[in-house]
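We name chains A, B, ... by the order of the sequence lines, and we start the count at 1 in each one. As the structure is a computational prediction, the values presented were derived from the model and not from experiment.
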Amino acid sequence: MSDKEFIKIKNVSKKFDDVVAVDDVNIDIAKGEFFSLLGPSGCGKTTLLRILAGFEYPSFGKVLIDNIDVTDITPNLRPTNMVFQNYAIFPHINVKRNIEFGLRKEKLSREELNQRVNDALKMVQLEGYEDRFSNQLSGGQRQRIALARALVKQPKVLLLDEPLGALDKKLREEMQLELRKLQRSVGITFIFVTHDQEEAMTMSDRVAVMNKGQILQISPPKDLYNNPKNLFVGDFIGQINFLESEVKSVDQQNVKVSIKNLGDYTLTYIDNINQGESIVCAIRPETIQITKNNDQIKSDISVKGKISNTSFYGNMTYVYVEIEGIKKPLMISTSDPLEGLTYNSDCFININLKDIRLIKKN
Amino acid sequence: MYKKNNILFLYSILYFAFLYIPVMLLPVFSFNDAIHMVFPLKGFTLKWYDQMIHASRLHQALFNSIKVGVIASIFSTLIALLAAKAFTKYKLRLRQLSYGAILLPFVIPEIIIAVSLIVLWTGMGLQLGLIPVTLSHILFCTPFCMLVLISRMEGFDKNLEEAAMDLGENAWGTFWRVTFPLVLPAIVASLLLSFVISFDEFILAFFLTSNDQTLPLYMWGQLRFPKKLPHVLALGAVIIVATSIIVMLSYWLRNLGNPSGKKNNIGGI
Ligand SMILES: Nc1ncnc2c1ncn2[C@@H]1O[C@H](COP(=O)(O)OP(=O)(O)OP(=O)(O)O)[C@@H](O)[C@H]1O
Ligand SMILES: [Mg+2]
């Protein structure tokens with residue numbers, strides 16, 4: 001057994017009638033990892049999580065946890081616990097009895113039980129809330145109780161389905177930090193579902209980006225941002241410019257591409273590309289520099305354009321620059337907007353080849 | 001503002017007076033030492049209650065009514081429970097239509113139901129008596145039970161059952177620790193409500209019974225003899241108190257531990 005393959009999702013698919021909710025997913029998750037499933041609404045995140053919890057049976061493939069095939073094991077016997085999107089706190093019993101709900105089978109003494117409940121409440125900083133009922137708790141408190149109720153079972157894996165979705169922005173950010181801290185201290189493997197890319201990026205060790213039931217890329221957040229392998233991933237994570245290009249020639253290390261209207265350049269090789277293929281050059285807006293004249297800084301590509309729009313975001317400004325022959329204005333972000341670079345004024349944009357990422361189409 | 005509130009206050013006083021004064025006359029006269037129900041009151045007495053306690057045909061009728069009511073409430077609640085579960089669990093096609101069909105018995109005049117049932121039961125070769133009355137009460141009470149149970153089950157969160165399983169309970173444990181306690185108040189409310197409906201139902205019982213009287217029939221029979229009137233008043237007073245307690249209990253139970261914490265009063269029953 002390897003800790004790198006603590007959870008193994010092998011060729012898992014799930015069909016509902018004619019909808020393919022999960023499409024041939026393969027993921028290995030390491031022990032103690034904070035792993036996120038990120039993707040737009042309806043892409044199959046919840047379905048995949050429910051397959052891990054045992055609430056859905058995969059149409060194909062299997063799931064291994066800690067080297068045991070759990071595909072045919074019912075939810076009550078799996079070493080997983082789940083925090084539901086709506087928390088699902090039992091309304092007819094108080095917080096204390098909610099938390100000890102899952103401990104019945106362990107046949108603990110009253111003192112041990114109280115100790116466990118106390119520890120769990122302490123962990124989520126809600127000591128003294130034992131006697132409250134669900135409808136006497138705020139959204140954030142409910143979320144913590146759901147967390148405590150799952151963690152008190154000391155599962156091998158904790159599954160969380162958009163647990164912060166119902167909270168307001170400030171509380172959500174607070175809980176993100178707390179959750180990450182908690183995960184580090186308990187050392188349990190977390191699988192966290194979200195459609196919020198910022199949330200996934202700030203909290204996770206690794207993120208799997210999903211679309212239409214498929215996993216498009218699994219990477220640490222930094223890699224996901226800096227080296228998107230796929231147009232969807234590049235577009236979904238942060239802001240990005242795509243430039244239409246064509247492969248001129250390929251050798252072992254280099255690719256010569258012709259970027260539409262910007263000229264021919266030599267870039268680093270990526271896998272599986274062929275001469276004559278049409279390809280996309282992706283550039284993050286913060287790697288492009290904007291100047292008034294073309295001799296101010298040294299760069300690999302320098303081209304003239306016209307500012308078509310600017311939007312101010314406090315710590316930075318987005319500048320949109322139209323370049324002749326390129327359909328979509330380039331988006332550039334800069335922390336110090338230059339004097340005189342206003343709407344309709346001429347400017348130069350500067351790009352370095354090291355900031356360009358080649359992405360295959362489709 | 002102040003004036004407007006005054007008018008509103010007056011209106012509510014009149015409203016409650018209109019509703020309750022006629023009903024309150026019953027208990028008042030049941031303690032009155034006279035046969036006729038006329039003012040002025042003659043003096044305080046408990047003899048009508050004494051008479052009531054010793055009327056053996058009354059006891060028989062009361063016993064019949066309780067028997068019919070208990071059986072009818074259990075069966076109509078059971079039928080409605082299963083139907084309501086199906087109704088809320090599956091996204092039935094024609095859902096609106098079936099909901100309408102459930103509510104239809106409320107708007108059909110009871111006398112029409114009584115006539116059709118007498119045709120039905122006699123056609124099936126059933127002897128008139130308490131059995132057809134009970135069967136009819138089951139039919140009659142079921143829609144009321146449905147309303148109570150559906151309104152409760154609609155708000156039921158399927159995630160709660162899944163959460164229980166996730167925390168280690170099997171199907172049986174999940175039912176007893178989560179599903180049942182959450183639906184229990186509605187079941188009890190449904191039992192109480194259908195019992196009360198059956199208990200004071202007159203038209204169906206009148207059409208379908210033979211010699212065995214239910215309590216409402218017994219009381220109606222007594223009204224023809226002025227001398228017997230006072231102890232019926234006493235009985236009426238007792239029934240008013242008892243049914244009010246039952247109805248209030250069922251209201252309270254229905255909203256007890258409601259998952260959403262909100263009051264849910266679909267149907268207003
Ligand atoms: N029980 C079901 N029956 C039929 N189709 C389903 C069922 N559950 C999910 N689906 C479909 O599967 C697809 C994936 O759904 P899923 O709930 O996994 O999406 P999601 O990524 O969690 O979306 P969201 O972010 O909106 O929660 C959707 O098209 C959905 O309509
Ligand atoms: Mg979901």
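For residues 37-52 of chain A, a heavy-atom distance under 4.5 Å to chain B picks out R50(A), given by residue number. For residues 116-129 of chain A, a heavy-atom distance under 4.5 Å to chain B picks out no residue at all.
In this structure, the ring of F192(A) has its center no less than 6.0 angstrom from the ring center of F35(A). Residues F90(A) and F101(A) bring their aromatic ring centres within 6.0 Å.
For the set D166(B), V178(B), N159(B), the count of heavy-atom pairs under 4.5 angstrom toward chain A peaks at D166(B).
Looking at residues two or more places apart in sequence or on another chain, you find a side-chain hydrogen bond (donor to acceptor under 3.5 Å, both in side chains) between K169(A) and E173(A).
At a 4.5 Å heavy-atom cutoff, the contact between F55(A) and chain B is made by side-chain atoms alone. Neither the backbone nor the side chain of L159(A) has a heavy atom closer than 4.5 Å to any heavy atom of chain B. Residue F84(A) touches chain B through its side chain alone, counting heavy-atom pairs closer than 4.5 Å.
Within the 4.5 Å cutoff, the side chain of R104(A) has heavy atoms near those of the R177(B) side chain. Residues D131(A) and V95(A) fail the side-chain proximity criterion, which asks for heavy atoms closer than 4.5 Å.
Below 30°, between 30° and 60°, or above 60°: for F16(B) and Y20(B) the angle between ring planes is below 30°, a parallel geometry.
Of the charged side-chain nitrogens involved, none lies within less than 4.0 Å of a carboxylate oxygen, so that K181(A) and E178(A) do not count as a salt-bridged pair. For the pair K153(A) and E106(A), the salt-bridge criterion is not met [side-chain N within less than 4.0 Å of a carboxylate O].
Q183(A) contributes a side-chain N or O that, together with a main-chain N or O of G32(A), makes up a donor-acceptor pair within less than 3.5 Å.
Residue D66(A) forms a salt bridge (Lys or Arg N to Asp or Glu O under 4.0 Å) with just one option from K8(A), R78(A), K156(A), and that option is K156(A).
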Validation: residues 76-84 of chain B side-chain donor-acceptor distances under 3.5 Å, sequence neighbours left out:
{"unit_1": "S76(B)", "atom_1": "OG", "unit_2": "A72(B)", "atom_2": "O", "d": "2.6"}
{"unit_1": "S76(B)", "atom_1": "OG", "unit_2": "S73(B)", "atom_2": "O", "d": "3.4"}
{"unit_1": "T77(B)", "atom_1": "OG1", "unit_2": "S73(B)", "atom_2": "O", "d": "2.8"}
{"unit_1": "T77(B)", "atom_1": "OG1", "unit_2": "S190(B)", "atom_2": "OG", "d": "2.9"}

